[in-house]
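Down below is the structure, laid out as structure tokens.
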Amino acid sequence: MKRDTTISICKGIAIILMVIAHAEAPGWLCKFIFEFHMPLFFITAGYFFSLKYLNDESTFVKKRIKGLYWPFVKWSVFFLIIHNWMFDIGILNERYGNEMGGVTHPYSWHQIQQNLWNIVTAMGGYDQFLCGAFWFFRGLFVASILYLIIYKVMDLCITNLTKSPSKTLPAKKAIPYFICLFMLLLCGWKTYEGLKIITLVQGGYRDLMGCFFFGCGFIFRQFVDRYQAMISRHYAYLWTAILFGVVVFLFSKYLTANMNWRSTYAQFLSLPFPALLGFLMTYNISQWIDRHEGWLKHSLTYIGEHTLYIFIFHICAYKVVSLWKIWYYGLDIRQIGCHMVIHEYSQEDWFWVAYTIAGVGIPLALYWLQEQISKKVKEYRASSAAQAH
């Protein structure tokens with residue numbers, strides 16, 4: 001499928017919003033962002049799901065392993081290796097931690113081994129203070145493969161049980177809607193009774209809700225042309241985005257919810273509607289940006305196509321700004337160990353803006369530098385090989 005620039009812009013906006021929320025922006029802004037920014041990633045992933053994978057499951061699974069499982073394992077192991085070293089150089093310490101007062105500790109040899117097993121076998125065991133967003137890799141990995149499995153099973157059942165072609169086609173068209181409804185019912189049951197899927201780290205709520213939003217993305221793809229025509233007919237991109245944004249803001253103020261793995265039943269009920277409206281708000285804005293060539297479109301597209309590096313390194317990038325904040329306020333140098341940013345004065349100053357710029361800019365700058373070095377190395381090797389012949 002041809003790459004959809006609008007969806008890339010959506011992902012670029014979503015990753016920036018994630019970095020803003022993790023930077024401890026003003027409370028009202030964080031609550032607003034949490035209503036939809038993580039569901040947005042699952043929706044955009046589901047947007048590109050194709051029915052061709054129903055008969056080519058291995059290709060889909062291989063892509064998921066290459067794009068989600070392998071980066072998770074590689075970088076989780078990397079941060080596991082340097083965890084104790086981070087204590088030696090002062091990046092982590094046992095005095096300062098998260099907002100709730102929790103801290104992290106150096107690992108014993110046994111803990112290192114156990115975390116390694118958890119990383120490889122359960123996509124868990126990652127360093128909570130350096131890899132706090134890594135749950136998303138597992139969530140999307142499980143959600144997307146689960147969606148494929150359910151879709152495949154239902155498709156086969158309908159094919160085998162429905163002999164009339166006139167009934168088979170409508171039944172198969174209903175599969176995406178049934179899956180979304182089924183996942184919502186499962187999540188409702190799970191949160192109402194406080195149940196856990198013991199084979200999934202954190203109990204499986206994020207994975208199941210991720211499957212629901214993944215399915216919503218696939219459904220949206222079926223109607224995207226009509227939706228685009230509708231909102232472009234009267235240049236309704238921005239005013240509809242504002243309308244959706246107001247509704248999401250009201251939810252964030254009075255019925256707060258997010259994809260927290262410990263969500264209550266009330267939070268579960270409050271999540272789907274603002275999350276979907278938040279996606280439409282972001283999509284409409286992205287459509288408007290996509291129609292206007294310029295630095296904004298190209299920047300957000302580039303960011304959206306390289307969200308992986310921001311996911312992995314934005315917390316580490318925050319440490320650069322934390323050093324500046326420590327110097328600015330004369331704070332204890334050990335506060336660099338705060339997760340994810342320094343909490344002191346966080347609701348009073350504008351350092352969250354600097355954290356956001358660093359959280360997005362530094363990972364992308366390092367990626368660009370790596371690409372330039374790789375390019376030079378390839379050119380050098382090609383030149384050396386040509387000279388040798």
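Worth knowing before you read on, the calculation uses all heavy atoms, side chains too, and leaves out hydrogens, waters and symmetry mates. Quantities reported herein were computed from a predicted structural model and do not represent experimental measurements.
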Are any of the side-chain heavy atoms of [X] and [Y] separated by less than 4.5 Å?
{"X": "Met38", "Y": "Trp135", "value": "yes"}
{"X": "Arg221", "Y": "Val224", "value": "yes"}
{"X": "His83", "Y": "Thr104", "value": "yes"}
{"X": "Ile312", "Y": "Phe79", "value": "yes"}
{"X": "Phe178", "Y": "Ile150", "value": "no"}
{"X": "Phe213", "Y": "Leu276", "value": "yes"}
{"X": "Ile333", "Y": "Leu323", "value": "yes"}
{"X": "Leu277", "Y": "Phe36", "value": "no"}

Ring centre gap for [X] and [Y] strictly below 6.0 Å:
{"X": "Phe279", "Y": "Phe220", "value": "yes"}
{"X": "Tyr328", "Y": "Phe351", "value": "yes"}
{"X": "Phe72", "Y": "Phe141", "value": "no"}
{"X": "Phe41", "Y": "His37", "value": "no"}

Tell me whether [X] shares a hydrophobic cluster with [Y], the cluster being built from Ile, Leu, Val, Met, Phe, Trp, Tyr side chains joined at under 4.5 Å.
{"X": "Ile89", "Y": "Val103", "result": "no"}
{"X": "Met281", "Y": "Phe223", "result": "no"}
{"X": "Met259", "Y": "Tyr192", "result": "yes"}
{"X": "Ile179", "Y": "Leu140", "result": "yes"}
{"X": "Val19", "Y": "Trp350", "result": "yes"}

For [X], I'd like to know if atom [atom1] has over 12 heavy atoms of other residues, nucleotides or ligands within 6.0 Å.
{"X": "Tyr302", "atom1": "OH", "value": "yes"}
{"X": "Tyr107", "atom1": "OH", "value": "yes"}
{"X": "Ile198", "atom1": "CD1", "value": "no"}
{"X": "Lys74", "atom1": "NZ", "value": "yes"}
{"X": "Tyr329", "atom1": "OH", "value": "yes"}
{"X": "Lys190", "atom1": "NZ", "value": "yes"}

May I have the step-by-step check of side-chain contact (heavy atoms from CB on, under 4.5 Å) for Leu130 and Leu92, ending in yes or no? CA-CA 9 Å; Leu130 296 177; Leu92 297 176; 4.2 Å; yes
May I have the step-by-step check of ring-ring contact (aromatic ring centres under 6.0 Å, His included) for Phe136 and Phe42, ending in yes or no? CA-CA 9 Å; Phe136 173 75; Phe42 288 95; 5.3 Å; yes
Rounded at 0.5 Å granularity, tell me how far [atom1] in [X] sits from [atom2] in [Y].
{"X": "Ser8", "Y": "Ile303", "atom1": "OG", "atom2": "CD1", "value": "11.5 Å"}
{"X": "Asp207", "Y": "Ile197", "atom1": "CG", "atom2": "CD1", "value": "7.0 Å"}
{"X": "Ser252", "Y": "Asn258", "atom1": "OG", "atom2": "CG", "value": "11.0 Å"}
{"X": "Tyr53", "Y": "Ser144", "atom1": "OH", "atom2": "OG", "value": "11.0 Å"}
{"X": "Ile289", "Y": "Lys297", "atom1": "CD1", "atom2": "NZ", "value": "10.5 Å"}
{"X": "Leu40", "Y": "Ile15", "atom1": "CG", "atom2": "CD1", "value": "10.5 Å"}

Assess whether side-chain contact (heavy atoms from CB on, under 4.5 Å) is satisfied between Met123 and Val142, documenting all intermediate values. CA-CA 10 Å; Met123 295 185 76; Val142 172; 5.8 Å; no
Where [X] and [Y] come nearest, the two heavy atoms and their spacing:
{"X": "Ser270", "Y": "Leu255", "result": "CB-O, 3.4 Å"}
{"X": "Gln202", "Y": "Arg206", "result": "OE1-NH1, 2.9 Å"}
{"X": "Phe212", "Y": "Pro272", "result": "CE2-CB, 4.1 Å"}
{"X": "Ser322", "Y": "Ile342", "result": "O-CD1, 3.5 Å"}
{"X": "Gly97", "Y": "His343", "result": "O-NE2, 2.7 Å"}
{"X": "Val341", "Y": "Ala23", "result": "CG2-O, 3.7 Å"}

Filter on salt bridge (Lys or Arg N to Asp or Glu O under 4.0 Å), then keep only pairs touching residues 91-101, sequence neighbours left out; what's left?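 Qualifying pairs: none.
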Qualifying salt bridge (Lys or Arg N to Asp or Glu O under 4.0 Å) pairs, either residue in residues 315-328, two or more places apart: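 Every salt bridge (Lys or Arg N to Asp or Glu O under 4.0 Å) pair that includes a residue of residues 315-328, provided the two are not neighbours, is Lys325-Asp349.
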side-chain contact (heavy atoms from CB on, under 4.5 Å) for Leu269 and Tyr265? Distances and angles first, verdict last. CA-CA 6 Å; Leu269 292 176; Tyr265 184 64; 3.6 Å; yes
With a distance cut-off below 6.0 Å to the six-membered ring centre and an angular limit of 45° from the axis, does Arg138 pair with Phe134 as a cation-pi contact?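 Here Arg138 fails the 6.0 Å and 45° test against Phe134.
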State whether a side-chain donor-acceptor pair under 3.5 Å links [X] with [Y].
{"X": "Tyr237", "Y": "Ser286", "value": "no"}
{"X": "Gln228", "Y": "Tyr283", "value": "yes"}
{"X": "Gln111", "Y": "Asn115", "value": "no"}
{"X": "His339", "Y": "Gln128", "value": "no"}

Determine the sole option in Gln287, Arg291, Lys11 for which the side chain to side chain donor-acceptor pair (under 3.5 Å) test with Thr6 is passed.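 Of the listed options, the one satisfying the test is Gln287.
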Please work out which of the three classes, parallel, tilted or perpendicular, describes the rings of [Y] and [X], given edges at 30° and 60°.
{"X": "Tyr318", "Y": "His314", "value": "perpendicular"}
{"X": "Phe60", "Y": "Phe49", "value": "perpendicular"}
{"X": "Phe313", "Y": "Trp75", "value": "perpendicular"}

Pairs flagged by ring-ring contact (aromatic ring centres under 6.0 Å, His included) wherever residues 357-385 is involved - sequence neighbours left out: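 Found His306-Tyr367, Tyr309-Tyr367.
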Quick one, Leu186 with Met183, criterion side-chain contact (heavy atoms from CB on, under 4.5 Å). Give me CA distance, side-chain angles, the key distance, then yes/no. CA-CA 5 Å; Leu186 275 183; Met183 299 314 300; 4.2 Å; yes
What residues, two or more places apart in sequence or in another chain, satisfy salt bridge (Lys or Arg N to Asp or Glu O under 4.0 Å) together with Arg334?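 Applying salt bridge (Lys or Arg N to Asp or Glu O under 4.0 Å) to Arg334 gives Asp332.
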With sequence neighbours left out, what residues match Asp155 under salt bridge (Lys or Arg N to Asp or Glu O under 4.0 Å)?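 Testing Asp155 for salt bridge (Lys or Arg N to Asp or Glu O under 4.0 Å), a comparison that skips the adjacent residues, returns Lys172.
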Return the set of residues passing ring-ring contact (aromatic ring centres under 6.0 Å, His included) with Phe273 (not counting sequence neighbours), or none when no residue passes.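 Partners of Phe273 under the ring-ring contact (aromatic ring centres under 6.0 Å, His included) test: Phe251.
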